[in-house]
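Down below is the structure, laid out as structure tokens.
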Amino acid sequence: MMRQDSNDATEDVSLFDTEDETRRKSKKSKIRHPLACFFHLFFRVSAILVYLLCEILSSSFIACMVTIILLLSCDFWTVKNITGRLLVGLRWWNQVDDDGRSHWIFEARKPSTQGKTASSDSESRIFWLGLVICPLIWVIFFFSALFSFKLKWLAVVIMGVVLQCANLYGYVKCKVGNKSNLKSMATNYFGRQFFRQLGKKDPKAMKDTTMLPL
């Protein structure tokens, strides 16, 4: 009877752990900021659609150009100041000190003390897909306008490329850190790969090395 009770207790603990794991997974996949996700994609997708359908929507080039520039500006401000902070816990900005020198600051929010991530997987996926795909589309628009000799649209397309790529560059810097961090990450990665390959080639030598007395 005592053995059966111990088995039952072990089974209850495993079920409890499984429920906690599924609860954590559901929190990671849940979209906690639906409004931020919507506006993260709304302005940039709207600017692309207006550019593609401008000849159908309006015959006035000035009206289409002003609309696209306003949408791109709203997207730049929203992504830089709101959606990056809410969806992935990143932000960047420029600060001018008392001497008049300009400093670019890149920050990343640290995970909480309880080990929870700052953002869910779904929100992070939406953020980075929108941040990467839309600049690529504007680059395609640039070459299309250049090769088709639509010179009047080049200024609009260049502004789209600059604003979209500026946000992409800023958040990539926030994500990976400065050049020294990149160098240390690359050094650690290639170091691990070197020792892993060395262990595959001569596992006996690696075993003897690890068994040497200190």
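Just so you know, these numbers come straight off a predicted model, no measurement behind them.
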Q: Apply ring pair (Phe, Tyr, Trp, His ring centres under 6.0 Å) to the pair W138 and Y51, showing each step before the final yes or no.
A: CA-CA 10 Å; W138 282 106; Y51 178 82; 5.7 Å; yes
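- Once rounded to the nearest 0.5 Å, the distance linking NE2 of H40 with SG of C134 reads 7.5 Å.
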All N/O donor-acceptor pairs, side-chain side in residues 154-172, below 3.5 Å, sequence neighbours left out:
from: Q164; atom 1: OE1; to: R44; atom 2: NH1; distance (Å): 3.3
from: Q164; atom 1: NE2; to: D75; atom 2: OD2; distance (Å): 2.8
from: N167; atom 1: ND2; to: F76; atom 2: O; distance (Å): 3.4
from: Y171; atom 1: OH; to: V79; atom 2: O; distance (Å): 2.4
from: Y171; atom 1: OH; to: K80; atom 2: O; distance (Å): 3.1

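- Here T78 contributes atom OG1 and L41 contributes atom CG; the two are 11.5 Å apart, rounded to the nearest 0.5 Å.
- L151 and I68 fall within a single hydrophobic cluster, where Ile, Leu, Val, Met, Phe, Trp and Tyr are joined by side-chain heavy atoms under 4.5 Å apart, directly or via other members.
- T83 places no side-chain N or O within 3.5 Å of a backbone atom of A36 that could act as its donor or acceptor partner.
- With values rounded to the nearest 0.5 angstrom, R91 atom CZ is found 4.5 Å from E107 atom CD.
- Here the CD1-SG distance, from I126 to C37, works out to 4.0 Å after rounding to the nearest 0.5 Å.
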Would you tabulate the side-chain donor-acceptor contacts of residues 139-146 under 3.5 Å, counting partners in other chains and residues two or more places apart, or write 'none'?
none

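- Put simply, the side chain of K152 reaches to within 4.5 Å of the side chain of F61, judged on heavy atoms.
- With hydrophobic clusters built from ILVMFWY side chains whose heavy atoms lie under 4.5 angstrom apart, I105 does not share a cluster with W92.
- Going from atom CE of M65 over to atom CG of L70 covers 10.0 Å, rounded to the nearest 0.5 Å.
- The structure places CG of L87 at 11.0 Å from CH2 of W128, a figure rounded to the nearest 0.5 Å.
- The shortest non-hydrogen separation linking A108 to L90 is CB-CD2, 3.4 Å.
- Under the 4.5 Å side-chain criterion, counting only non-hydrogen atoms from C-beta, L57 is not in contact with T67.
- Summarising the geometry of H103 relative to R101, their closest heavy-atom pair is CD2-O, 3.5 Å, with the distance given to 0.1 Å.
- Using the six-membered ring where Trp is involved, F106 and W104 have ring planes that are parallel, under 30° apart on the 30 and 60° scheme.
- For the pair S122/R125, a side-chain contact is recorded, criterion being any heavy-atom separation below 4.5 Å from C-beta on.
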